[in-house]
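Before any comments, here is the structure.
Predicted, not measured: the structure shown is a model, and the values here were computed from it.
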Amino acid sequence: MASIDLKPQVLDLSLYAGDGVEFRLICTDSDGDPLNVSGNITAQIRVDRSETSSAIVDFDANLIEADQGIVALSLTGDDTQALMMDPSVSKDKFQGVWDVQWTPSGQEPRTLVQGKVECVA
């Protein structure tokens, strides 16, 4: 029996409060060719995945190379420090989740990657 797996890739992040971070996601299709991810990218960190959980911080998404399948995501030092101000912080550690959603123009959103986030003081 054949199946199609449309679940997002899992990528966990470990952050250090007060440090800025920048990394690139390279998106490819099933043949390994660059996937044009032009459109809208939303990447956020939340305490949990519930519908009522609002974003604590939003990543800045640079889409200059989106037509080549590259999305540059970044957080400032103030963003990572803000995670430590969340009421959920316990023993100088924030624990939450993050994801990246891509919405091509005129289409439905698709989650590209998701995972756990921890940030330490």
Answer whether the closest heavy-atom distance between the side chains of [X] and [Y] falls below 4.5 Å.
X      : Y      : result
Leu73  : Glu22  : no
Trp98  : Leu13  : yes
Glu118 : Lys93  : yes
Asp33  : Thr28  : no
Ser74  : Phe59  : no
Lys7   : Gln114 : no

Under the 3.5 angstrom rule, does the side chain of [X] hit a backbone N or O of [Y] as a donor-acceptor pair?
X      : Y     : result
Trp102 : Thr42 : no
Thr111 : Pro8  : no
Asp29  : Gly32 : yes
Ser53  : Ser50 : no
Asp19  : Gly77 : no

- Please say which of Ile45, Val47, Val89 ends up in a side-chain contact (heavy atoms from CB on, under 4.5 Å) with Leu83.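 Result for side-chain contact (heavy atoms from CB on, under 4.5 Å) with Leu83: Ile45.
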
- Quick one: do the Ser38 and Asn36 side chains pair a donor with an acceptor below 3.5 Å?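 On atom types as modelled, these side chains qualify, holding a pair under 3.5 Å.
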
- Item | side chain to side chain donor-acceptor pair (under 3.5 Å) between Asp78 and Thr76, worked out | CA-CA 5 Å; Asp78 287 343; Thr76 66; 5.0 Å; no

- Under the side-chain contact (heavy atoms from CB on, under 4.5 Å) criterion, do Ser88 and Gln95 qualify, and how do the steps go? CA-CA 8 Å; Ser88 68; Gln95 292 183 301; over 6 Å; no

- Message: With a 4.5 Å cut-off on side-chain heavy-atom distances among I, L, V, M, F, W and Y, is there a chain of contacts connecting Leu15 to Val113?
- Response: yes

